[in-house]
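Inspection log for the structure reproduced underneath, given as structure tokens.
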Amino acid sequence: MNESMIKLIQYSQKILIIIICSSIVILFIYLNHVQPYYFIDEVFHVSQTLQYCNNNFTQWNPKITTLPGLYLIATLILSPLKLCNIFYMRCINLFGTFLNLYLAQNIIKKISIIYWKQRWNDWMKVIVACNIMFFPPLFFWHFLYYTDVVSVNAILLMLLLHLYKQFKTAAFIGLLSILIRQTNIIWVAFITVEHLFDLLDHKISKLISYEQYNSVIYLKLLWKRIIEEKYHEWKLFAKFILQLCVQLFPYIIVCLLFVSFVLWNKGIVVGDRTAHVPTFHIPQLLYFSIFLFCFLWPYMIISWKNYFKFISKHWIFASCSIIFLIIIVHFNTFVHPYMLADNRHYVFYFWNKFMGRYKQFKYFLVPLYSFTLYTMFHGLKHLRFTTQINYILMVSIVLIPQLLIEPRYFIIPYILYRCFIPKPKTWQIIAESITTLIINFLQFYIFINKVFYWNDQPYPQRISW
């Protein structure tokens, strides 16, 4: 490809990004015209930020359950400009949406080089990054003042800095991400574990094949190598452990600070804890697997042949798994009171029209859970074995304690999964893009046109994630 053609492609990409960003700004302005007043939890977020803008940092609304990271960022930006109102507060998430595009594109670029040594053309990187930015349960919040967009900004920035080996800065951004949403400590822990095994990889990198790298053999070889070093020379082993601690120190400090906060606060949640009581809710993983499939079906559906081969070859294991899933669904399917009462969310309608209305419906989903779980795990098989385990473990820690079925809890697990998908085929990325655009169109169409009123609320109510 000659130089003039490369320049033309780069120019075309810039034009496309400008058109996309301009369209988002127009949509933002229109949606703010449709919804100029508080939307659900904005009544807490906006009022708390106004307190901070007025230099009142001692007033705290007990209904707020997250740390004040978003409010501090908004105050730092808007207060000097005297722009502390709901529109400009929402503009922070508009900017954050564009930042997600930039971060996602650079993460995809770096991951494609580090993990798979694949050559992605620039168009593919742009489209994948756009699909991440337009991910419907995340993109919906670009015109409102919620923590989701800024929280994703922090996690993606931490991941990007980590990939560029800026570990101290990455850890600092991880600390800021916790100030926005406490559960982000899980993704700081995820990065910490990844960094640990990146360091340990050097011990066996020359002794392991790609197939071993992605299987449990990796752990066996790693353990064997560490034990050999331990018995070979105690001083060298102690030096090696010390080096690991030094390398991990920035992340360890963040984790220890969070543990100190939890002990001092006597829990993770600040403010009203009644709606966020930790529980043991395994079906959250089942819901997440279906959630993944709904948006990433072009990448997961291709595993259907492997799925049927697996269950025919391992039919005893498959049968036991189905029975186990039925037991989980029967004994561990819980419902949060909000899901039955708040008709401003999609989950309300799904639960009341299907799951709660027909007692047998939840059992009919078991075969679907079996398939989506298989395809979800299969989609991770190209990663290092410890990364596979690390991801599943962290997702479990984030989701299982949650009683409320909330798509917003799935956003970061989804985005990380999406970032780790290898180079897509053309039809896959086209199908993903079409799916994303259709769902976005439907969600905004419903939001704009489906209006109803609550007796205790002065403004019209609408439906969201």
Side-chain angles (χ1 to χ4, degrees), residues 27-52 60-71 73-74 84-94 96-97 135-152 180-183 269-277 291 335-352 402-412 439-440 442-465:
L27 179 62
F28 173 85
I29 294 171
Y30 175 69
L31 290 171
N32 270 266
H33 174 74
V34 170
Q35 183 73 27
Y37 26 77
Y38 298 147
F39 183 72
I40 312 182
D41 288 350
E42 275 192 323
V43 65
F44 309 124
H45 301 317
V46 173
S47 61
Q48 187 62 48
T49 305
L50 289 175
Q51 293 284 351
Y52 284 6
W60 183 258
N61 191 323
K63 289 292 184 181
I64 298 174
T65 58
T66 56
L67 291 170
L70 175 63
Y71 318 135
I73 291 170
C84 290
N85 60 57
I86 187 172
F87 178 80
Y88 289 107
M89 290 178 197
R90 290 173 172 179
C91 284
I92 291 173
N93 278 344
L94 174 64
T97 298
F135 175 49
L138 172 63
F139 183 63
F140 176 83
W141 305 103
H142 84 281
F143 73 100
L144 296 169
Y145 188 56
Y146 271 68
T147 60
D148 301 84
V149 175
V150 178
S151 176
V152 171
I180 298 168
R181 183 171 285 176
Q182 294 95 302
T183 51
V269 177
V270 297
D272 184 11
R273 303 183 185 186
T274 57
H276 297 278
V277 178
F291 178 87
V335 56
H336 196 288
Y338 285 1
M339 289 164 50
L340 303 177
D342 196 338
N343 62 344
R344 296 171 296 182
H345 300 283
Y346 296 129
V347 175
F348 168 89
Y349 297 95
F350 176 77
W351 197 273
N352 285 278
Q402 305 287 351
L403 177 60
L404 182 63
I405 302 173
E406 172 63 84
R408 292 166 61 200
Y409 300 155
F410 298 157
I411 290 175
I412 294 177
I439 295 175
N440 272 315
L442 291 175
Q443 75 177 8
F444 288 120
Y445 180 84
I446 293 170
F447 180 84
I448 293 166
N449 292 283
K450 179 66 175 177
V451 178
F452 49 92
Y453 292 85
W454 283 13
N455 293 332
D456 60 343
Q457 296 290 334
Y459 302 116
Q461 304 300 309
R462 302 175 188 274
I463 301 175
S464 72
W465 290 95

Phe143 and Phe447 aromatic centres sub-6.0 Å: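 So the answer is yes for these two rings.
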Is the distance between the ring centroids of His142 and Phe139 under 6.0 Å?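 Yes; His142 has its ring centre under 6.0 Å from that of Phe139.
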Parallel, tilted or perpendicular: ring planes of [X] versus [Y], cut at 30 and 60 degrees:
X	Y	result
Tyr71	Tyr145	tilted
Phe140	Phe444	parallel
Phe39	Trp141	tilted

Taking every non-hydrogen atom, the tightest pair across Arg462 and Arg344: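 Distance-wise, the nearest heavy atoms are O-CB, 3.4 Å.
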Quick check: do [X] and [Y] have side-chain heavy atoms less than 4.5 Å from each other?
X	Y	answer
Phe291	Pro137	yes
Ile405	Phe350	no
Leu340	Phe348	no

Just wondering, are more than 12 heavy atoms of other shown residues or ligands nearer than 6.0 Å to [atom1] in [X]?
X	atom1	value
Asp456	CG	yes
Tyr445	OH	no
Tyr37	OH	yes

Is the backbone of [Y] close enough, under 3.5 Å, to the side chain of [X] for a donor and an acceptor to pair up by distance?
X	Y	answer
Asn32	Gln35	no
Tyr349	Asn343	yes
Gln461	Tyr459	yes

Roughly how far, to the nearest 0.5 Å, is [atom2] of [Y] from [atom1] of [X]?
X	Y	atom1	atom2	value
Thr66	Asp41	OG1	CG	9.0 Å
Arg408	Trp465	CZ	CH2	12.5 Å
Glu406	Met339	CD	CE	10.0 Å
Phe28	Leu144	CZ	CG	8.5 Å
Ile411	Leu138	CD1	CG	5.0 Å
Ile40	Asp342	CD1	CG	6.0 Å

Flag for [Y]-[X]: side-chain donor and acceptor within less than 3.5 Å:
X	Y	result
His45	Tyr146	no
Tyr346	Ser464	no
Arg181	Ser151	no

List the residues meeting side-chain contact (heavy atoms from CB on, under 4.5 Å) with Ile29, not counting sequence neighbours, and say none if there are none.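 Ile29: side-chain contact (heavy atoms from CB on, under 4.5 Å) contacts with Val25.
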